[in-house]
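Here is the structure we will look at, set down as structure tokens.
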2 protein chains.
Amino acid sequence: MKILIVEDEPKTGDYLRQGLTEAGFVVDLAREGLDGLHLATTGDYDLLVLDVMLPQMDGWAVLQALRLAGREMPVLFLTARDQVEDRVRGLELGADDYLVKPFAYSELLARVRSLLRRGKTKEPEVLACADLELDLLRRRATRAGVRIDLTAKEFALLELLLRRRGEVLPRSLIASQVWDMNFDSDTNVIEVAVRRLRAKVDDPFEPKLIRTVRGMGYMLDADVSR
Amino acid sequence: MKILIVEDEPKTGDYLRQGLTEAGFVVDLAREGLDGLHLATTGDYDLLVLDVMLPQMDGWAVLQALRLAGREMPVLFLTARDQVEDRVRGLELGADDYLVKPFAYSELLARVRSLLRRGKTKEPEVLACADLELDLLRRRATRAGVRIDLTAKEFALLELLLRRRGEVLPRSLIASQVWDMNFDSDTNVIEVAVRRLRAKVDDPFEPKLIRTVRGMGYMLDADVSR
DNA sequence: TCCTCGACGATCAGAATTTTCACTAGCCGG
DNA sequence: CCGGCTAGTGAAAATTCTGATCGTCGAGGA
């Protein structure tokens with residue numbers, strides 16, 4: 001798998017190159033937009049990692065030119081915090097996913113792998129259940145059209161519940177997914193987290209979506225039965 | 001590599017078995033102390049994962065009997081939170097490392113690998129520099145004999161600094177090790193974390209050990225030069 | 001059927017930790 | 001000596017965890 005990185009900032013560029021190389025990809029790195037565009041149109045890359053902020057020719061311009069040239073490989077955009085609007089703009093131009101700096105290495109790998117796996121077929125970037133929606137790209141939730149701000153843990157928990165909607169998720173699973181923890185033990189972080197999530201997502205609305213399954217775990221479902 | 005787990009609590013047991021199996025180990029699981037002891041003395045295991053709390057025959061008893069029988073394989077003890085005293089007791093009896101429940105999967109793997117790697121040769125479990133000591137097992141720091149309580153992040157940071165004592169650690173390295181983050185960006189978490197660590201570890205003492213290397217990063221050293 | 005007990009989950013407030021933000025101080029090159 | 005950049009600082013905000021207590025469901029017995 002060949003990946004092209006277009007990133008002017010040396011540290012980030014090296015970090016990306018090293019990280020992706022270690023993960024077994026073949027990586028090229030362009031330090032500025034024009035070089036990047038040139039390489040991207042000539043070379044045979046499976047994925048492009050593209051910084052939004054570039055001197056001279058910025059990320060959008062590169063992306064636009066690339067698409068005009070008929071190149072359809074998936075593109076992972078790197079954007080700085082508080083540039084969420086960039087994302088929307090980029091999405092319209094045909095970016096495939098976003099990563100907000102600073103980001104965790106595990107996050108980077110996950111996105112890259114996901115993009116490569118699905119190729120051009122975009123996987124749903126919005127999870128939904130009844131009137132509850134979770135936009136994975138914008139990292140934002142909505143219920144009945146009302147925007148809901150979620151913290152990292154809340155987001156992770158809701159994402160898990162939505163991805164496995166209709167299934168009962170045992171605490172141990174939730175713990176291992178959301179906390180990377182083995183739970184045995186004497187803490188009730190999960191209950192508290194569910195409480196917080198409910199307060200935002202269920203309390204002000206009907207019907208209640210997060211259901212407790214006694215002795216088993218939690219389930220998210222729009223089912224009206226009983 | 002063959003590992004024996006002795007754990008009565010089904011969830012934890014299954015979690016451990018599954019986790020270690022997936023990591024490529026051959027795993028046996030005993031549900032109670034006596035079974036565990038029997039298997040451990042008969043079978044040919046490279047490592048024992050032993051819960052402290054067991055019905056009938058508890059972890060210490062198993063360990064003791066095992067050592068009496070001349071079995072010298074490394075032992076990883078599982079203890080519940082707030083049982084730090086258990087640790088001391090276990091250490092005296094010849095346990096090799098501890099894991100406090102609940103624990104992260106990554107933590108488990110790290111400990112297991114480390115124990116297997118070093119075999120019977122215990123690697124230093126206390127890092128030190130001048131009169132500053134960091135006890136990795138008890139997760140406790142000490143300076144000039146004074147005990148210092150550290151938070152998770154503080155501990156991780158200090159451990160990193162101590163492990164690479166005398167080296168200048170660039171921010172990007174610290175970020176990737178302690179935060180698993182790519183830093184680019186506009187936050188100063190590292191500065192703040194260093195500040196907090198200094199407040200505990202350096203402010204009340206002399207000489208100052210954590211040095212700032214302008215434009216480069218941070219370094220921990222007892223060097224008196226300049 | 002109704003009651004009681006015990007286990008499990010819910011809830012809340014407070015504490016601890018971590019992050020963000022705004023501002024200050026210090027170093028370095030010109 | 002003057003900016004301009006880098007690091008230090010303090011305080012507030014945000015998030016997460018802990019611990020205590022309360023409520024509720026359901027099994028089993030009266």
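Chain A is the first sequence line, chain B the second, and so forth, proteins listed ahead of strands; every chain is numbered from 1. Just so you know, these numbers use all the heavy atoms, side chains as well, and skip hydrogens, waters and symmetry mates.
Under 4.0 angstrom from either OP1 or OP2 of C:dT19 there lies at least one side-chain N or O belonging to B:W179. Residue A:Y218 places no side-chain N or O under 4.0 Å from the OP1 or OP2 atom of C:dC8. Between A:T212 and the phosphate of C:dG9, there is no side-chain N or O to OP1/OP2 separation shorter than 4.0 Å.
In this structure, the helix from C:dT1-D:dA30 to C:dG30-D:dC1 shows an angle of 20° between the axis at its start and the axis at its end, each fitted on 5 base pairs and rounded to 10°.
For the pair B:L158/B:V201, a side-chain contact is recorded, criterion being any heavy-atom separation below 4.5 Å from C-beta on. Side-chain contact check for B:L16 versus B:D14: every heavy-atom pair is 4.5 Å or farther apart. Using a 4.5 Å heavy-atom cutoff, the side chains of A:L48 and A:L76 are not in contact. Taking the side chain as every heavy atom from C-beta outward, A:T12 and A:I5 never approach each other to under 4.5 Å. Contact of the A:V126 side chain with the A:L134 side chain is not registered, since no non-hydrogen atoms from C-beta on lie closer than 4.5 Å. Annotation: side chain of A:M219 is not in contact with side chain of A:L169 (no heavy-atom distance under 4.5 Å). Under the 4.5 Å side-chain criterion, counting only non-hydrogen atoms from C-beta, A:Y218 is in contact with A:I174. The closest side-chain heavy-atom distance from B:V189 to B:W179 is below 4.5 Å.
Between the side chain of B:K153 and the backbone N or O of B:L150 there is no donor-acceptor pair closer than 3.5 Å. Looking only at distances, no side-chain donor or acceptor of A:E159 sits under 3.5 Å from a matching main-chain atom of A:A156. No donor-acceptor distance shorter than 3.5 angstrom exists from the side chain of B:D8 to the backbone of B:R31, with no hydrogens or angles considered. Between the side chain of B:K208 and the backbone N or O of B:D203 there is at least one donor-acceptor pair closer than 3.5 Å.
Note on A:E167 versus A:R165: no salt bridge recorded, every NZ/NE/NH1/NH2 to OD/OE distance being 4.0 Å or above. Using a cut-off of 4.0 Å between Lys/Arg side-chain N and Asp/Glu carboxylate O, A:R195 and A:E191 are scored as not salt-bridged. A salt bridge links B:D202 to B:R143: at least one charged side-chain nitrogen sits closer than 4.0 Å to a carboxylate oxygen.
Between the P atom of D:dC17 and the NZ atom of B:K153 lies a distance of 11 Å, rounded to the nearest Å. Between B:M181 atom CE and C:dT18 atom P there is a gap of 14 Å when expressed in whole angstrom units. In this structure, CE of B:M216 is placed 12 Å from P of D:dT6, rounded to the nearest angstrom. Between B:E154 atom CD and C:dT19 atom P there is a gap of 11 Å when expressed in whole angstrom units. Here the C1' atom of nucleotide D:dT16 and the CD1 atom of A:I190 are 14 Å apart, to the nearest Å. Distance CD (A:E191) to C1' (D:dT18): 13 Å, rounded to an integer number of Å. Counting to the nearest Å, the P atom of D:dT16 and the CG atom of A:L197 are 12 Å from each other. Rounded to an integer number of Å, the gap from A:R196 CZ to C:dC12 P is 13 Å.
Using modelled atom types and a 3.5 Å distance limit, the side chains of A:T212 and A:R198 yield a donor-acceptor pair.
Contacts of residues 198-205 of chain B with DNA chain D (heavy atom under 4.0 Å): B:R198. Listed by residue number, there are no residues of residues 166-176 of chain A with a heavy-atom contact under 4.0 Å to DNA chain D.
Here B:A193 lies out of heavy-atom contact (under 4.0 Å) with every strand.
Shown here are the salt bridge (Lys or Arg N to Asp or Glu O under 4.0 Å) partners of A:E133, two or more places apart in sequence or in another chain: there are none.
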Below 3.5 Å is the cut-off: list the nitrogen or oxygen pairs between protein and nucleotides 10-14 of chain D, distance only.
residue: D:dG10; atom: OP2; partner: B:R195; partner atom: NH2; Å: 3.1

N/O contacts under 3.5 Å, protein versus nucleotides 23-30 of chain C?
residue: C:dG26; atom: N2; partner: B:R214; partner atom: NH1; Å: 3.4

